[in-house]
Amino acid sequence: MKQKLIKKNMFLFFLMAPLLLVAQGVVNGKVTDAGLGDPLPGVNVVIKGTTTGTTSDFDGNYEISVDNFPTTLVFSSLGYALREIQVTGPTTLNVAMEESATGLEEVVVTGLATSVKRSNSANAVATVSADELTGRTPPQTLDGALAGKFAGAQITAASGAPGGGMSVKLRGVTSINGQGQPLYIIDGVYVNNNSVFAGGLNEISNAAGGGASSTDSQDNASNRIADINPDDIQNIEILKGASASAIYGSRAAAGVIIITTKKGKAGKTKINFSQALGFNEAVNLLGQRNWTAALAESVYEEGALYTAAESAGRLRDYEKEIYGEKGFITNTNLSISGGSDKTSFFGSFTNNEEDGIVKRTGASKQSLRLNVDHRITDDIKLSLTGNYLESSADRGFFNNDNSNTTIGVSLLFTRPWDYLLPDADGNYPDHPANSSNQIHTRDVMTNNESVSRLIAGGSLDVNLFKNENQSLKMILKAGLDTYTLKTTVFFPRELQFMSPAVGGVDGLSSDGTTQNTDANFSGFLVHNFRTDNELSFTTQAGVTNEQFSQNTVRVTSTGLIASEQNVDQAANVKVDQFRLEQEDAGFFVQEEVNFQDKIVGTLGIRGDKSSNNGDANKLFYYPKASAAVNIHNFDFWNLEQVNQIKVRAAYGEAGNFAPNGALFTTYINSLINGNVGIITPTTLGDPSIQPERQKELELGLDAGFFNNKVTLEFTWYNKKVEDLILQADNEPSSGYTFRWANAGALENKGAEIGINVNAFDIEDFSWDSGISWFKNKSEITKLTVASFDTQGFGTGLGTFRIEEGKSATQIVGNDENGNVVALGDAEPDFQMSFNNNFKYKDFTLSFLWHWKKGGDNVNLSRLLSDFGGTSADYDEISLDPSGDSNNGDYRIGAFLGGFAGPFVEDASYLKLREIGLYYNLPENTLQKLFKGNVSNVKIGLSGHNIINIFDYNSYDPEVSNFGSGAAGIGIEVAPFPSSKRFMFHLSVGL
């Protein structure tokens, strides 16, 4: 009996042995680059549904043991499209990996230390790839390059001056007097994006004397994100609302923009050189009034002067004289990347220089970057990023003034027979019709910003534990952003408006220095656990610390001695200093559950405290929760034409700190009869003030059709901001004009739609097209203080007003009867982008149209030119409803009557944002010419803003006299006009 049992077992063993051999075994092979054929080291090879895996060695070879066949192997590597291959038994499997513009299967941020496949994300997180950012045409600034690239953002150039100055608003206005710009994070480093204003300009322009709320906000400063080199960027993710940005807590109410820079890949060292040359010119010149001798006589009684200038050939178009330059542009970039199976690197050097459309204006930037990734062991990885930048911008003298001294305002009072050019000895005449000769000002004044900056970061990833079902990882991160900004302003005493006889200050020199250092530190533990039925849990917990320090000192001197530029060579010296010291600390906990990629849910909470709060030890909590259901992954789904249907919902909260100085009443120093003391300021602080809190609910639907050749993304959101921080009017009897307070709430509701179509994809021709559409509507839902005006110059000219039940961006003004009424709204009716990419053999053509429908500006430039009698449309009759008055007289009459209607204009536009046409030399041509020493050569032409269609009566509807403030975008007073750019490109890869 026993022998029969042994024989039976032996029979079963020999019968099952082939099956057992098939059920387990080894798969090996080689991974290569599909385009170059080079071996790819460091490729991750993982058995799908497990944490079991390996990586390819330096020669691209891999070997992995498989316990059960059939199975699916997943091959992934940064910069390459993910591949999944089913294997039925032990075999040799060679795999060729295709390069991908988006790297791995696209992932989005879900935690401070984790990400998730976009197909499982419960948020509409926008992504901009390196090709979308710089592939068509080199952008002037990083934030400017985002315009029109994704749904949900209103991006406005505050000025056309070289060096930037942008306002970025994600899903509407999120603060009135607080920080309204998103948080920028580059490779884990919190990046400073302050606007630091140059001292001295307001001493000349007296811009703040006309009812403005800030001394400096009209001085046309750039913002510091303009320093960043877009060519170094691999990918950008935009967390548009609190439902996604809650993981960043108390700094995330205005959204978060996460930037990942380029990294090296193991393998052959690659060198790439690119050179772009081009020029810029004004988007739109307005032209002159149709002057004649008779008109000059009737308006100014200067017909004889006009005739004399005409006879002498001295009539000049001063608009072209000021704004008619074609600024030369050169962008040079050199990068090198490569590495081994242990260490990879990416290094780059970039030099960008751009002259402005006004003489003696321009910007330059130099950037040096080194990114290194080193795998110390199989379980320990160190990543270091470093970026040193230097930039300089000469920004001229523009925007509002109350002294007729800025170049823009002075131009509006200049007639073609006025002669303003210097004589043979370099002496400039006084302006006969104004207090300033703008040609003289342009040629001798200085307004420069120069920056030296270091951005560095590091992360250490340590695999503490790992088996087939679970893993535990520790992640440590640190970042530093430190810069020195120097501002230099100089107006020689020889300028016409500097004479004390006309109220001038006899020359001005101002030097400002800002030292800024921001540092951030964080540590996290991430635990992954996967059950046998493909239910996975990702748990993360960690702590964060951020430190911010800023010190600005400005010395402004007037009454210069012989026009010496040194600030100590003057009769009057004034010193201003601004200091900021802040430390934030917090923690973050999140749990993510994924059931077979069918249902994905997330719960998390962030807790933050800050020295900027009234109680520095009080924690403010910001929760988040989300769920996504991939209906197409369920067994019942059988519609082959619809390969993706995902419904999603997300909720989150984020904060916004009070502006510096809002917590306490800052007293002002005084000197009276030689006695030093302090006096009460106009604004009362509130030591109990709390951060603004944003609460956002987001619902969405994602769909893919015909194997994702057509994709649809729809999102609806409701974003509420509570404890709104306002600088409100105060009771005059208190002795304070304004006071800081948590005194309101606002709400943004909106919808976003994105459609992408892979229209054609055949051997020699492909066409991809995308449309995005979005709309936002805001409302002040609560106001516990009286309604008040914010940016603007009073109801006689049109101003922004904060009023309960009204839009947060409403524009009000006096009507013909002197009543204050709503005249417009800066919020667009909707925005829409149309993106296309064509490829035919070795040619590529890409372009982006951007349509902004609605949204109003307060245009005061035309009123100023009316006062000067120089408006190009002065004599047209198109504004007066009765048809009796020409446009110039109608606008002046409205001003004199206190009627603001004519100054509020529709700021709609349609722009060809970007276009690029490129040709890649074929591989056989490269082989013949360079014998295999050159991997690619690309030449092309590109343009930015080269077609601009709008009815707005000025240079460009994208403008803001008050810079990048949280509210009040769209007030225009004699700005630096925007420009369009034309470029030629050459790129060579080795």
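The first residue in the sequence is number 1, and the count goes up from there. Everything numeric here is computed off the predicted structure, so don't read it as measured data.
- Shown here for A650 and A122, the closest heavy-atom pair between the two residues is CB-O, 3.7 Å.
- You'll find the side chain of N193 reaches within 4.5 Å of the side chain of N223, heavy atoms only.
- A distance of 7.0 Å separates CD of E546 from OG of S250, quoted to the nearest 0.5 Å.
- Contact between T134 and P139 at its shortest, heavy atoms only, is CG2-CD, 3.8 Å.
- Considering CG of N352 and CD1 of I329, their distance stands at 10.0 Å, rounded to 0.5 Å.
- Here E958 does not pair with K852 in a salt bridge; the nearest charged N to carboxylate O distance is not below 4.0 Å.
- Between R224 and L485 there is a side-chain heavy-atom pair separated by less than 4.5 Å.
- For K262, the NZ atom is densely surrounded, since the number of other residues' heavy atoms within 6.0 Å is greater than 12.
- Scanning all heavy atoms of the two residues, the minimum distance from Y190 to D518 falls at O-CB, 4.4 Å.
- Taken to the nearest 0.5 Å, the CD atom of Q694 stands 6.0 Å off from the OG atom of S245.
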Worked verdict on D584 versus R251 for side-chain contact (heavy atoms from CB on, under 4.5 Å):
CA-CA 10 Å; D584 307 338; R251 291 184 171 271; 3.0 Å; yes
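- Within the structure, side-chain hydrogen bond (donor to acceptor under 3.5 Å, both in side chains) pairs that include any residue of residues 149-158 comprise K149-E914 (at least two apart or interchain).
- Note: F548 CZ to L580 CG = 9.0 Å, rounded to the nearest 0.5 Å.
- Between the OG atom of S610 and the CG atom of N617 there is a distance of 11.0 Å, given to the nearest 0.5 Å.
- To the nearest 0.5 Å, atom CG of residue D232 and atom CG of residue N387 are 6.0 Å apart.
- For the pair F345/I336, a side-chain contact is recorded, criterion being any heavy-atom separation below 4.5 Å from C-beta on.
- By the 4.5 Å heavy-atom criterion applied to side chains, N331 and N333 are not counted as neighbours.
- Inter-residue side-chain proximity for F976 and R395 is flagged as unmet; no heavy-atom pair is nearer than 4.5 Å.
- Side-chain contact check for P691 versus N613: some heavy-atom pair is nearer than 4.5 Å.
- In this model, a donor atom of one side chain and an acceptor atom of the other lie less than 3.5 Å apart for Y717 and N776.
- A donor and an acceptor atom, one from each side chain of R913 and S833, are nowhere located under 3.5 Å apart.
- The salt bridge (charged side-chain N to carboxylate O under 4.0 Å, His left out) test with E698 singles out one residue from K719, R171, K240, and that residue is R171.
- Remark: the S611 side chain and the Q582 side chain contain no N/O donor-acceptor pair separated by less than 3.5 Å.
- Side chain to side chain, S167 and K169 meet the donor-acceptor criterion of an N or O pair below 3.5 Å.
- The shortest side-chain heavy-atom distance between I176 and E692 does not fall under the 4.5 Å cut-off.
- Annotation: side chain of I186 is in contact with side chain of T261 (closest heavy-atom distance under 4.5 Å).
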